[in-house]
Every structure is written in C-alpha cells, then in structure tokens.
Amino acid sequence: MAENRLRWGVGSYALAWNIGVPGYDRPARPLDVTGLVDLAAELEVPLVQICDNLPLHELSADRLSELGNHARSRGVEVEVGCRSYEAAVLSRYREIAETLGSPVVRTLLAGPAAGTDALMSEAERALRRVLPEYE
C-alpha cells in the first residue's frame with residue numbers, strides 16, 4: 001500500500017500573476033514552465049504542480065521531454081494538472097504525466113454547471129472511460 005504523506009511544493013496557481021492572468025496585462029517577463037521549475041529549485045522546494053494556467057498539452061513531445069529532464073536535473077518533481085473531465089483530455093494528461101514522471105493528474109470541474117448533478121454524472125462517466133488507462 002502506498003504511503004500517504006504531505007509534500008512541500010508550489011503550484012503554478014500560486015504564481016498566477018507572475019505567469020499572467022487572462023484579462024489583465026501580462027507581466028514583462030512571464031514565468032513559464034522552465035522558470036517555475038528553476039524557481040522551485042532556487043527556493044529548495046522539491047515539487048511543482050503545473051496546472052492549466054501553464055497548459056502542458058500545448059507543448060511538443062520534445063519540449064515535454066526536455067522539461068522532464070530539466071526538472072530531474074534540478075531535483076524537482078513535477079505533478080500535472082488540467083481543467084477538464086473530457087476523456088480525450090484526461091488521456092492526453094496521462095501521457096504527459098508519464099513523460100514528466102508525475103504520480104498524479106489533478107483535474108477540476110469548473111464553470112457555471114460545476115457541482116450540478118448533471119455535470120457530476122457526465123464527469124463520472126468520462127472518468128470511468130479513462131480509468132483503465134490510469135490503472
């Protein structure tokens with residue numbers, strides 16, 4: 001049985017203003033995924049969670065591999081996150097998690113229907129479709 005333990009880390013949402021917030025002026029030098037890993041290493045934080053405000057699915061396979069290698073070289077573990085319950089997106093993020101060595105894929109339901117019975121049922125069906133891939 002896997003050991004549950006609290007881990008010290010930083011998520012990309014904690015640095016949202018450094019990355020850029022839609023609807024607001026972008027920072028002069030926005031933080032990207034490599035910068036987030038470097039910042040964590042400089043602060044001696046061993047874990048980063050890269051969420052949907054730094055969309056990993058937009059990176060090429062080579063760029064994802066480079067990011068994984070860079071994080072390992074800096075002694076930083078990566079966890080991935082997205083904002084979707086769609087099976088295709090969750091399948092893609094499973095692949096990204098494997099590339100980056102992430103033990104988890106964090107996702108969330110958002111929008112006006114979040115929390116409604118209909119959305120929860122739809123999300124459950126989608127999650128059940130991808131569950132075999134995750135096992």
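All residue numbers refer to positions in the sequence shown, counting from 1.
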Spacing of [atom1] belonging to [X] relative to [atom2] belonging to [Y], to within rounding of 0.5 Å:
X     : Y      : atom1 : atom2 : value
Asn18 : Leu36  : CG    : CG    : 9.5 Å
Leu67 : Thr99  : CG    : OG1   : 10.0 Å
Glu95 : Glu133 : CD    : CD    : 7.5 Å

Hphob cluster co-occupancy, [X] + [Y], side-chain heavy atoms under 4.5 angstrom:
X      : Y      : value
Ile50  : Val105 : yes
Leu131 : Leu127 : no
Val130 : Leu119 : no
Val104 : Ile96  : no

Considering all heavy atoms of both residues, which atom of [X] and which atom of [Y] are nearest to each other, and what is their separation?
X     : Y     : value
Asp52 : Arg83 : OD2-NE, 3.0 Å
Leu64 : Leu56 : CD2-O, 3.9 Å
Ala71 : Val37 : CA-CG1, 3.7 Å
Pro30 : Arg26 : CG-NH2, 3.1 Å
Gly20 : Pro27 : CA-CD, 3.8 Å
Val21 : Ala16 : CG2-O, 3.7 Å

Between [X] and [Y] (side chain of the first, backbone of the second, donor and acceptor by atom type, cut-off under 3.5 Å), is there such a pair?
X      : Y     : value
Ser102 : Val80 : yes
Ser12  : Cys51 : yes
Ser65  : Asp62 : no
Tyr24  : Trp17 : no

Before giving the answer on side chain to side chain contact (heavy atoms under 4.5 Å, CB included), spell out for Leu43 and Val10 the whole-Å C-alpha distance, their side-chain angles and the decisive distance to 0.1 Å.
CA-CA 10 Å; Leu43 296 174; Val10 65; over 6 Å; no
pair [X]-[Y]: side-chain heavy atoms closer than 4.5 Å:
X     : Y      : result
Val89 : Thr107 : no
Arg63 : Thr34  : yes
Glu66 : His70  : no
Tyr13 : Asn53  : yes
Arg94 : Leu90  : no
Trp8  : Leu47  : no
Glu77 : Pro103 : yes

One thing to verify: whether Arg125 and Glu122 come together as a salt bridge, which I'm taking to mean a side-chain N less than 4.0 angstrom from a carboxylate O.
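Salt bridge between Glu122 and Arg125, a charged N being under 4.0 Å from a carboxylate O: no.
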